[in-house]
Amino acid sequence: MPLSRLDGIKLPASADFHVHLRDGDMMQLVTPTIREGGVNTVFVMPNLVPPVTTVSRALEYKSQLEAIEPRVNYLMSLYLHESITPEVIIAAKKAGITGVKSYPAGVTTNSSSGVIDYAAFYPVFAEMERQDMILNLHGECPSSGDITVMSAEERFLPTLLSLHTQFPNLRIILEHLTTAAAISAVQKCGPKVAATITAHHLSIIVDNWAGDPFCFCKPVAKTVEDRDALLRAATSGDPKFFFGSDSAPHPSASKRGGDKIAAGIFTQKYATQLVLDAVEQACANGVLQEEKITVDVLEGFLGKFGRAFYGLEQETKEFVTLRKTGEKIEEILKSEKTDVVPFRKGQTTWSLSWA
Ligand code: DOR
Ligand code: ZN
């Protein structure tokens, strides 16, 4: 069986550089699942309602998360917004905030306060470059004219290249890549530009979300060629590509009912396991060669490369062990107040234990 030689593999705790932990009831439900996914370090997205646009709110949010699960290192971000000035950036850096996330206005969940004109933020980017803060980009153009959800990421790539040219020393992460074109663009940039890849985009394509709300997220999964390019990048050993789950929980009612389906796929509880599943499936399909999937390759993608890009210490104390025991993904996670349906519910995945 493909990858069965990795049964029992021990890896340093994963780092997940793109998570949505929400607030209120959903935060209480999903934050305790971070470690179940083998993760001890997360980069937390700021798209709450209202968005996290002040240093004090980011620090308060961090304390709320620490109160729920103190054994996780939470790296915090601000939401790029007209109230973010160079002075806010200086204060954010002093307060230990790691990055600033930019959402193009209106492209996805809670992005209505997002960016319309990047040039308006050049003074902010210049200060971020001086302070060595990270700019995290949701890289999609809003649908309009001939731009659709299928072309939205590719059409954003000139903006990435232009930002990198204007601010060559600014660390930029193009979040949740979904296309072969985005991989090439990131490869062409200098070492200050990197990218995250999710577990779900390593496994699904457009057909999966057309008709299934639990596979619908932004950016949407694209073609087989795109997915296979993502699989190759994630297992290439190139440190520009590392893991960010983009786990984005929504209550099941906002996935199943109402006029609009919420964008977002919940993967947090099985973060590391789902990456192994996707890689295993790709080996079985002949997209990846099993012998190239080494411990180094997995360790690089799941933590080492991202920790290096973010300037964190490498993980030497906490490890996880992955086994094939036929574990089933839960159908639904519930509290008294809310619920969320995991990606690939009911299907088999790897079992993970801390060791
Ligand atoms: O599908 C998505 N869901 N994409 C995003 O960019 C945001 C996320 C969310 O917050 O639900
Ligand atoms: Zn996200």
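Counting starts at 1 for both ligands and their atoms, following the listed order.
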- Query: Is it the side chain (CB and beyond), the backbone, both or neither of Asn47 that lies under 4.0 Å from ligand 1, heavy atoms counted?
  - Reply: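 Just the side chain.
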- Side chain, backbone, both or neither: Lys101 near ligand 1, heavy atoms under 4.0 Å: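 It is neither part, as no heavy atom is under 4.0 Å.
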Among protein heavy atoms, which lies nearest [atom], and at what distance?
atom	value
atom 1 (O) of ligand 1	Lys218 N, 2.7 Å
atom 3 (N) of ligand 1	Ala263 O, 3.0 Å
atom 8 (C) of ligand 1	Ala248 CB, 3.7 Å
atom 7 (C) of ligand 1	Thr108 OG1, 3.5 Å

- Sequence neighbours excluded - side chain to side chain donor-acceptor pair (under 3.5 Å) pairs with any residue from residues 206-219: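 Checked against side chain to side chain donor-acceptor pair (under 3.5 Å) - neighbours excluded - no pair reaches residues 206-219.
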- Query: Which atoms of ligand 1 have any heavy atom of His138 under 4.0 Å away?
  - Reply: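 Heavy-atom distances to His138 below 4.0 Å select 6 (O).
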- Query: Cys217 heavy atoms, cut-off 4.0 Å: which ligand 1 atoms fall inside?
  - Reply: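 Counting atoms of ligand 1 from 1, those under 4.0 Å from Cys217 are 1 (O).
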- Output all residues satisfying salt bridge (charged side-chain N to carboxylate O under 4.0 Å, His left out) with Arg71, sequence neighbours left out; order by chain, then residue number.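 Result, salt bridge (charged side-chain N to carboxylate O under 4.0 Å, His left out) vs Arg71: Glu69.
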- Message: Under a plain distance cut-off of 3.5 Å, with no hydrogens placed, do Gln268 and Thr33 share a side-chain donor-acceptor pair?
- Response: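 Result is no, nothing qualifies.
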- Item | His201 and Thr198 side chains, donor-acceptor separation under 3.5 Å |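 Yes, because at least one side-chain N or O of Thr198 sits under 3.5 Å from a partner of the opposite role on His201.
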- Aromatic rings Phe125 and Phe167: how do their planes relate, parallel, tilted or perpendicular, breaks at 30° and 60°?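 Phe125 and Phe167: perpendicular rings.
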- Task: State whether Trp354 and Arg35 meet the cation-pi test: NZ (Lys) or CZ (Arg) under 6.0 Å from the six-membered ring centroid, and within 45° of the perpendicular axis.
- Result: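 Ring-cation test returns yes.
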- Phe319 ring centre to Lys10 NZ or CZ under 6.0 Å, with the angle to the axis within 45°?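 Relative to the ring axis of Phe319, which defines the angle, Lys10 lies inside both limits.
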- Shortest heavy-atom approach to atom 11 (O) of ligand 1 - which of His18, Arg22, Met45: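 It is Arg22 that holds the nearest heavy atom.
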- Task: Kindly say whether the aromatic ring centers of Phe17 and Tyr310 come within a distance under 6.0 Å.
- Result: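 Yes: the rings meet the under 6.0 Å criterion.
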- Hey, is ligand 1 close enough to Gly264 that some N/O pair sits below 3.5 Å?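 Between Gly264 and ligand 1, an N or O pair is found under 3.5 Å apart.
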- Message: Show me the pairs that pass salt bridge (Lys or Arg N to Asp or Glu O under 4.0 Å) and involve residues 170-182, at least two apart or across chains.
- Response: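 Those involving residues 170-182 are Asp132-Arg171.
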- Item | Polar protein atoms (N, O or S) that approach the Zn ion (ligand 2) to under 2.8 Å |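 N, O, S partners closer than 2.8 Å: His18 NE2, His20 NE2, Asp246 OD1.
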- Query: How long is the span from the CD1 atom in Ile134 to the CG atom in Leu170, to the nearest 0.5 Å?
  - Reply: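 The CD1 atom of Ile134 sits 9.0 Å away from the CG atom of Leu170.
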- Query: Under the side-chain contact (heavy atoms from CB on, under 4.5 Å) criterion, do Val100 and Tyr79 qualify, and how do the steps go?
  - Reply: CA-CA 6 Å; Val100 177; Tyr79 187 110; over 6 Å; no
